[in-house]
Novice: 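Pasting a structure below so you can have a look.
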2 protein chains.
Amino acid sequence: MQKEITIYDLAERLGVSATTVSRALNDNPRINKKTREKVHQLAKELGYRHNTIAANLRKQQTKTIGVILHEVNSYFATSVLAGIEKVTTPENFDILITHSAETAEREKANVKNLINKRVDGIIVSLAMHSHDTAHFTPLFEREMPLVFFDRVLQSADCTKVVIDNFQGGYDATNHLISQGCKRIAHITGDMDLNVYMDRFKGYQKALKDHKIKFNKDLVKVCGLNKAETTQAVTEMLEQKPDAFFIPSDFAAAVCMEILRNKDINIPQDIAVFGFNNDMLSDLITPKLSTIDYPGFLMGEMAAKTLIEQIKLRRKNKNVKDHTIVIPTEIILRESSVRKKAKTTRPHK
Amino acid sequence: MQKEITIYDLAERLGVSATTVSRALNDNPRINKKTREKVHQLAKELGYRHNTIAANLRKQQTKTIGVILHEVNSYFATSVLAGIEKVTTPENFDILITHSAETAEREKANVKNLINKRVDGIIVSLAMHSHDTAHFTPLFEREMPLVFFDRVLQSADCTKVVIDNFQGGYDATNHLISQGCKRIAHITGDMDLNVYMDRFKGYQKALKDHKIKFNKDLVKVCGLNKAETTQAVTEMLEQKPDAFFIPSDFAAAVCMEILRNKDINIPQDIAVFGFNNDMLSDLITPKLSTIDYPGFLMGEMAAKTLIEQIKLRRKNKNVKDHTIVIPTEIILRESSVRKKAKTTRPHK
DNA sequence: TTGAAAGCGCTAACAC
DNA sequence: GTGTTAGCGCTTTCAA
């Protein structure tokens, strides 16, 4: 390609200095209105494009927020992203999305990449398999503005945005019990992650509150993908459960398919309860009861807090860490409601 | 934060020049092995991080590919992304994902942003509403390596990766006819887009080949989101169709829900046919017949071609534009198969 | 209101 | 095998 036009090219043609051009382009108020217009005019004519790279290098800031997601392929992920965008766009921050495909290795590479790219701050949800979290220490050392959301680092001293997973697990289980379920199977994800651990605790608490003895044979941990869920559900059926509480709508849908193939009636024979209120929970038959997961709101809160941090940091002020807990909401649909009138609610 | 370590800091401490440090860090072969090791060692100790921005400015290349998607929230989109990543990762290209949320305005802003960020090339699928495509001309002027995929600019002289939408539309319609359907409703998206136009042409051709007269009352264009699809389907029912060919799995699923609510039997009363082979097509009941859309392969091809272009361009060689057509595959499931044994296939 | 000069951190041409 | 020097394109003092 022909070389890109620079501010020097503009300056030369207009007989002014590059400084003036730069100021004019940035609408600096102390530039003469006429000069400014001339500059803008010529810039447009010649197809000048601001070189973000050069500006970033000079300004030592990128106005970019790195986002590390564990996966991108879900309604939840896109909701979070939308929530983040809602607050970054008006603030003129760009976002750089990376995903770790649930592996610690990729997560590590992403952290490194984002540091090298000198993002101004990072929003992260942990990968399923990232037990060794040493790769985050460079961020702490740099005092990089950092917000964990959803799947958070329990130990770390940093800002977190989470939903009340305990309450969600409790509500789901409590509801299943109210429908007469007594052998509630719980197929869930890695308990090292706060989200699954807390939901599990909620499950246990609800059982306890209803004097149902906890039975560890009814609990199974797996990757919650199609293959592993299929296996877990199939094995679990030997325990003769009368309900499945699977805190992932996708995995719950997989479970429902298996039950259907075996001509098991949902919810009469076995009730099913998911988690997330994903798009598909409202499209499958019977519709899936679930816990609404306000991804948009989480993204919004995370971005808002992060930008605050970034601004404080620029002023060299101290950031105080805190945890934001977002309430959940139970969504009752056909897959779990045995009694009374159906209480169906549309997907938001 | 404390300032980041630079190659000058390393150079000073080691009593060598910055050049040497730079070379050592980049594993330049003409650097002494011992020197290289010392540099790497100290870099690690001090937590040195390569400054991508500075390097990019200097090298006049970013090793980054911009991707403009019309939306991110689909199995197709993530498949494409995965396909792109498969080829960019080994080539050490980063990808910068933007989405236009189906609006021309956002698309325009994204193009501008990617130019300002000086990406080395761009892969784009058009937004539904981007009729005015003037915002792409800066890319052509710059001879920016550019590949359109899926939703392409019909007019433009550039490389395109598409699937055989005509064949897909033909196969779907042909199949429905073979199942005895005669009044096949077609609810589809903006016909200015090649994808919908070509599927529509395939639909027409199949009708013609079976001597079924084309009836324009059975065709409706809408946004294919939940609200618009609901309205379109509801209105269409007045035409008493015996099949719906809706070239979007999501919209087809919405349609099926409406039919279910009206106690219309699928496929006996009305058959339904989608497009894309999305995740959900295999999870809903009855399972949705559809056309497999090889997103992963498309992403792969697009990225491969783009990187070729980028490399040619660096050598100042000419790029010749071409169109790559990827074949589709019909997936027959319960929603459309009335006769014979069920031919169900799992989602890939 | 404008300009000169310096520098962000890196790489590469050229010299030795 | 290593160093000197210049420069990528921009912003920002400081001075006028």
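Chain identifiers are assigned alphabetically (A, B, ...) following the order of the sequence lines, protein sequences preceding nucleic acid strands; residue numbering begins at 1 within each chain.
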Novice: Whole angstroms only, please: what is the CD-C1' distance between A:Gln60 and D:dT13?
Specialist: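 Rounding to the nearest Å, CD of A:Gln60 and C1' of D:dT13 are 15 Å apart.
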
Novice: Could you work out how much the helix from C:dT1-D:dA16 to C:dC16-D:dG1 bends, comparing the axis of its first five pairs with that of its last five, to 10°?
Specialist: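 Nearest ten degrees gives 30° for this helix.
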
Novice: Figure out the CG/C1' separation between B:Leu14 and D:dT2, and round it to whole Å.
Specialist: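 Checked: the CG to C1' distance equals 14 Å.
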
Novice: Would you tell me whether A:Ser22 and A:Thr19 have side-chain atoms, one donor and one acceptor, within less than 3.5 Å of each other?
Specialist: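 Side chains of A:Ser22 and A:Thr19: no pair found under 3.5 Å.
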
Novice: Over how many whole Å does the gap from A:Asp9 atom CG to D:dC10 atom P extend?
Specialist: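 Answer to the nearest Å: 9 Å.
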
Novice: Is there side-chain contact between B:Val67 and B:Leu81, with heavy atoms separated by less than 4.5 Å?
Specialist: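 In contact.
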
Novice: For DNA chain C, note the earliest and the latest nucleotide, 5' to 3', having some atom under 4.0 Å of a heavy atom belonging to chain A.
Specialist: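 So the contact region on DNA chain C extends C:dT1 to C:dG9.
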
Novice: Is the number of heavy atoms from other residues, nucleotides or ligands under 6.0 Å of A:Asp27 CG greater than 12?
Specialist: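 Yes, the 6.0 Å shell around CG holds more than 12 heavy atoms from other groups.
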
Novice: Quick one about B:Gln41 and B:Glu45 (side-chain donor to acceptor, distance below 3.5 Å, no hydrogens or angles considered), yes or no?
Specialist: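 A donor-acceptor contact under 3.5 Å links the two side chains.
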
Novice: What does B:Thr20 touch in the nucleic acid at a heavy-atom separation under 4.0 angstrom: a base, only the sugar-phosphate, or nothing?
Specialist: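 Here B:Thr20 touches the backbone only, sparing every base.
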
Novice: Find the distance A:Glu12:CD to D:dG9:C1' and express it as a whole number of Å.
Specialist: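 In whole Å, D:dG9 C1' lies 15 Å from A:Glu12 CD.
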
Novice: With a cut-off of 6.0 Å (strictly less than), are more than 12 heavy atoms of other residues, nucleotides or ligands near NZ of B:Lys108?
Specialist: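 Not buried by this count: 12 neighbours or fewer within 6.0 Å.
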
Novice: Side-chain N or O of A:Gln61 versus OP1/OP2 of D:dT11: is the shortest distance under 4.0 Å?
Specialist: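 For D:dT11, neither OP1 nor OP2 has a side-chain N or O of A:Gln61 closer than 4.0 Å.
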
Novice: Tell me whether the side-chain N/O atoms of A:Lys3 come closer than 4.0 Å to OP1 or OP2 in D:dC8.
Specialist: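 For A:Lys3, the contact criterion (side-chain N or O under 4.0 Å from OP1 or OP2 of D:dC8) is not met.
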
Novice: So, B:Asn194 side chain and B:Asp150 main chain: donor-acceptor pair closer than 3.5 Å or not?
Specialist: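 It does hold such a pair.
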
Novice: Dump the intermediate steps for salt bridge (charged side-chain N to carboxylate O under 4.0 Å, His left out) on A:Arg151 and A:Glu102, then the final yes or no.
Specialist: CA-CA 12 Å; A:Arg151 296 186 186 174; A:Glu102 300 287 15; 2.9 Å; yes

Novice: Does a donor on one side chain and an acceptor on the other come within less than 3.5 Å for A:Gln61 and A:Arg314?
Specialist: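 On atom types as modelled, these side chains qualify, holding a pair under 3.5 Å.
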
Novice: Does B:Phe148 have B:Lys160 sitting over its ring (NZ/CZ under 6.0 Å from centre, angle to axis within 45°)?
Specialist: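 Pair B:Lys160/B:Phe148 does not count as cation-pi.
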
Novice: Salt bridge or not for B:Asp94 and A:Lys117, using N-O below 4.0 Å?
Specialist: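 Judged by the 4.0 Å cut-off on N to carboxylate O distance, B:Asp94 and A:Lys117 do form a salt bridge.
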
Novice: Check if the side chain of A:Tyr8 and the base of D:dC10 share a donor-acceptor pair of N or O atoms closer than 3.5 Å.
Specialist: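 Yes, the side chain and the base share a sub-3.5 Å donor-acceptor pair.
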
Novice: On DNA chain D, check which nucleotide each of B:Thr35 and B:Lys59 is closest to and give me the residue with the more 5' one.
Specialist: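 The residue mapped nearer the 5' terminus is B:Thr35.
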
Novice: Minimum heavy-atom separation for B:Gly121 and B:Leu306, please, with both atom names.
Specialist: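 So the two residues come closest at C-CD2, 3.9 Å.
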
Novice: Please report, rounded to the nearest Å, how far the C1' atom of D:dT11 is from the CG atom of A:Leu25.
Specialist: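 After rounding, the reported distance stands at 12 Å.
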
Novice: Just to be sure I understand the rule, does A:Asn56 reach a base, reach only the sugar-phosphate, or reach nothing, if contact means heavy atoms closer than 4.0 Å?
Specialist: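 The answer is nothing, as A:Asn56 stays clear of every strand by at least 4.0 Å.
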
Novice: Between atom CZ in A:Arg30 and atom C1' in D:dT11, what is the gap in whole Å?
Specialist: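 My rounded result for the distance is 11 Å.
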
Novice: Of A:Ala18 and B:Ser17, whose closest DNA chain D nucleotide lies nearer the 5' terminus?
Specialist: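 Checking each residue's closest nucleotide, the 5'-ward one belongs to B:Ser17.
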
Novice: Categorize A:Thr6 for me: base, sugar-phosphate, or nothing, with a 4.0 angstrom heavy-atom threshold over every strand shown.
Specialist: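 Sugar-phosphate, backbone atoms only, no base.
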
Novice: Can you tell me how far C1' of D:dG1 sits from CD of B:Glu37, to the nearest Å?
Specialist: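 My rounded result for the distance is 15 Å.
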
Novice: Under a 4.0 Å heavy-atom cut-off, which of residues 46-55 of chain B touch DNA chain D?
Specialist: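 Contacts with DNA chain D under 4.0 Å: none.
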
Novice: In this structure, are over 12 heavy atoms from other groups packed under 6.0 Å from A:Glu91 atom CD?
Specialist: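 Atom CD in A:Glu91 is packed in, count exceeds 12.
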
Novice: In terms of side-chain heavy atoms of A:Ile7, which of D:dG3, D:dG1, D:dT11 is nearest?
Specialist: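 From the listed options, D:dT11 comes nearest.
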
